[in-house]
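Just so you know, these numbers use all the heavy atoms, side chains as well, and skip hydrogens, waters and symmetry mates. Just so it is clear: chains get the letters A, B, ... in the order the sequence lines come, proteins before strands, and each one is counted from 1.
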Protein chains: 2
Amino acid sequence: MDAQLKRGVLDVCVLAAIKNEDSYGYKIIKDLSPIVELSESTLYTILKRLETAGMLVVRSTEFEGRLRKYYHITPRGMQRILDFKNEWKEIMDIYSFIGKED
Amino acid sequence: MDAQLKRGVLDVCVLAAIKNEDSYGYKIIKDLSPIVELSESTLYTILKRLETAGMLVVRSTEFEGRLRKYYHITPRGMQRILDFKNEWKEIMDIYSFIGKED
DNA sequence: ATTGATACCTCGGTTTACGATGTATAGCGT
DNA sequence: ACGCTATACATCGTAAACCGAGGTATCAAT
């Protein structure tokens, strides 16, 4: 999928990936891979960004000798998802316009 | 609408705006404004980009003393629209994923 | 004469996806 | 013992692209 098209949706995808159950970086990538491909460098950048924005909180744990950071969505993060859904109507209007009069 | 969300769709919007009838910069902005807001600086950047990519061709004319550059879509530009429509399924999958299990 | 609409364009800032690269542990096959 | 793969984190530099601010110019209306 085109990199430009991902902008604006990747953030929300990551939030959606942790919405129902806390998750960690490596697992988020695996879970999202059937839906959207994203690299590790991109994911960790997004996670840092969302944390700074207060849309998720981090809890560092140790799992089988390896560091594992669990991410938990905040109310602000949930709101971000709702905002995106409200914006979806506009996206659909754009699609209708593009497909008009073939 | 969020600037990031526009990426990847604005190009196609501009192509769609000239798809059925040749148009010029100022008019394209007016025609698109109900669908997507975009600034002049953005539009002219996009037009130059699409021209370089061979997706449209330009014809300069004079209209009531003012310069007016008409843009005409090429087969490659039409193909770009088709490609976008094929990518739409992936976008819908993303939306389904985000809305899943509320 | 001044304002607003029409019509074009450029520059710099900011955001963001991604490849390349680095660190470290655990487990498996040879 | 050694290498490879999977797991799991992180940083850096690059390129793409939207936009505000600013610039130029014509024409109509006040």
(request) Report, as yes or no, whether the 6.0 Å neighbourhood of atom CZ on B:R49 holds more than 12 heavy atoms from other residues, nucleotides or ligands. (result) yes
(request) Check the surroundings of atom CD in A:E21: do more than 12 heavy atoms from other residues, nucleotides or ligands lie under 6.0 Å from it? (result) no
Rounding to an integer number of Å, can you tell me how far [X] [atom1] sits from [N] [atom2]?
X	N	atom1	atom2	answer
B:R49	D:dA15	CZ	C1'	12 Å
A:K48	D:dC9	NZ	P	13 Å
B:Y44	D:dG22	OH	C1'	15 Å
A:L43	D:dC9	CG	P	9 Å
A:K30	D:dT7	NZ	C1'	9 Å
B:I29	D:dC18	CD1	P	13 Å
A:L38	D:dC9	CG	C1'	15 Å
B:L5	D:dC19	CG	P	12 Å

(request) State, yes or no, whether a side-chain contact exists between A:L32 and A:L43 at a heavy-atom distance under 4.5 Å. (result) no
(message) Is the shortest side-chain heavy-atom distance between B:L82 and B:M78 below 4.5 Å?
(response) no
(message) Return whichever of A:V9 or A:R66 has its heavy-atom-nearest nucleotide of DNA chain C closer to the 5' end.
(response) A:V9
(request) May I ask you to evaluate whether A:Y24 reaches the phosphate of D:dA8, defined as a side-chain N or O under 4.0 Å from OP1 or OP2? (result) yes
(message) Looking at D:dG20, I'd like to know if its phosphate oxygens (OP1 or OP2) sit under 4.0 Å from a side-chain N or O belonging to B:S41.
(response) no
(message) Reading DNA chain C from 5' to 3', where do the contacts with chain A start and stop? Cut-off is 4.0 Å to heavy atoms.
(response) C:dT15 to C:dA26
(request) For A:I91 and B:M1, run side-chain contact (heavy atoms from CB on, under 4.5 Å): C-alpha distance rounded to whole Å, both residues' side-chain angles, the deciding distance at 0.1 Å, then the answer. (result) CA-CA 9 Å; A:I91 301 283; B:M1 187 174 154; 3.4 Å; yes
(request) Over 60° means perpendicular and under 30° means parallel, so classify the ring planes of A:F84 and B:Y95, tilted if in between. (result) tilted
(message) With nearest nucleotide decided by heavy atoms, which residue, B:R7 or A:E40, maps closer to the 5′ end of DNA chain D?
(response) A:E40
(request) Mind listing the closest non-hydrogen atom pair of A:L47 and A:G25 along with its distance? (result) CD1-CA, 4.3 Å
(request) Looking at every strand, decide which applies to B:K27 at a 4.0 Å heavy-atom threshold: base, sugar-phosphate, or nothing. (result) nothing
